[in-house]
Amino acid sequence: MAILTKILFLLIFLPSILFAHKVTLEDKSLEEIVNKRMALMMEIKSTSTKMYRILQSNDYEAILELNLTLLNAASEFKNYYPEGSQHKSASDEIWNDRETFNNFNDKFVNDIEMISLSIELEDNEMLNDAFKEMAANCGSCHKKFRN
């Protein structure tokens with residue numbers, strides 16, 4: 001299982017890491033940025049819901065696949081809030097308190113990485129706890145930053 005995790009990580013995330021750059025309004029229009037961050041949020045929500053449904057199945061490969069999708073979306077997410085991309089669907093607090101917003105996002109990514117570790121260890125209790133922590137983080141961030 002550990003080798004599969006490492007291979008999947010390299011195949012999926014290494015190109016993103018190597019070629020990623022900060023999104024700016026010079027790169028994309030406001031509409032493209034807003035649409036992308038909304039799509040990422042929908043992907044996070046959809047993937048989390050699918051993962052929740054199969055947590056008790058012990059199908060670690062299926063959970064890992066969903067978790068990698070979740071990790072990819074979460075890792076990209078905060079890059080789609082560049083300065084000047086304020087929009088009615090996002091709270092101004094994101095730009096007024098960027099440090100806290102970034103901390104929530106970093107914690108979210110760390111929670112997802114903890115899910116990966118629990119999958120690698122095939123520890124169902126740890127997996128459930130990590131998932132609950134990740135879900136609680138979503139709620140905390142939305143409480144602070146959602147319009």
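Keep in mind that what you see is a predicted model, and the values were worked out from it rather than measured.
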Could you walk me through whether Asp106 and Lys78 satisfy the side-chain contact (heavy atoms from CB on, under 4.5 Å) test, starting with their C-alpha distance in whole Å, then the side-chain angles of each, then the deciding distance to 0.1 Å, before giving a yes or no? CA-CA 9 Å; Asp106 292 344; Lys78 76 178 173 185; 2.6 Å; yes
[X] side chain near [Y] side chain, heavy-atom distance below 4.5 Å:
| X | Y | value |
| --- | --- | --- |
| Leu64 | Leu68 | yes |
| Met126 | Met114 | yes |
| Asn128 | Gln56 | yes |
| Arg146 | Met41 | no |
| Cys141 | Phe108 | no |
| Asn102 | Glu99 | no |
| Ile94 | Gln86 | no |
| Tyr60 | Glu120 | no |

How long is the gap from [atom1] on [X] to [atom2] on [Y], to the nearest 0.5 Å?
| X | Y | atom1 | atom2 | value |
| --- | --- | --- | --- | --- |
| Ser57 | Ile54 | OG | CD1 | 5.0 Å |
| His87 | Tyr81 | NE2 | OH | 11.5 Å |
| Phe101 | Lys144 | CZ | NZ | 12.0 Å |
| Met134 | Tyr52 | CE | OH | 11.5 Å |
| Leu66 | Ser48 | CG | OG | 9.0 Å |

Please list all pairs meeting salt bridge (charged side-chain N to carboxylate O under 4.0 Å, His left out) that have one or both residues in residues 35-50, counting only residues at least two apart or in different chains. Lys36-Glu76
Is a donor on one side and an acceptor on the other found under 3.5 Å between the side chain of [X] and the backbone of [Y]?
| X | Y | answer |
| --- | --- | --- |
| Glu32 | Ser29 | yes |
| Asn35 | Glu31 | yes |
| Asn67 | Ile63 | no |
| Asn105 | Phe77 | no |
| Glu133 | Phe131 | no |
| Thr47 | Ile44 | no |
| Ser75 | Leu71 | yes |

Donor on one side chain, acceptor on other, Asn58 and Glu122, under 3.5 Å: no
Under the side-chain hydrogen bond (donor to acceptor under 3.5 Å, both in side chains) test, which residues partner Asp97, sequence neighbours left out? Thr100
What is the minimum heavy-atom distance between [X] and [Y], and which atoms define it?
| X | Y | answer |
| --- | --- | --- |
| Leu70 | Met51 | CD2-CE, 3.9 Å |
| Ile115 | Ala130 | CG1-CB, 3.6 Å |
| Trp95 | Ser85 | CZ2-OG, 3.4 Å |

Please check if Tyr80 and Met42 belong to a single hydrophobic cluster, counting links between Ile, Leu, Val, Met, Phe, Trp and Tyr side chain heavy atoms closer than 4.5 Å. no
Sequence neighbours excluded, which residues qualify as side chain to side chain contact (heavy atoms under 4.5 Å, CB included) partners of Met38? Val34, Ser89
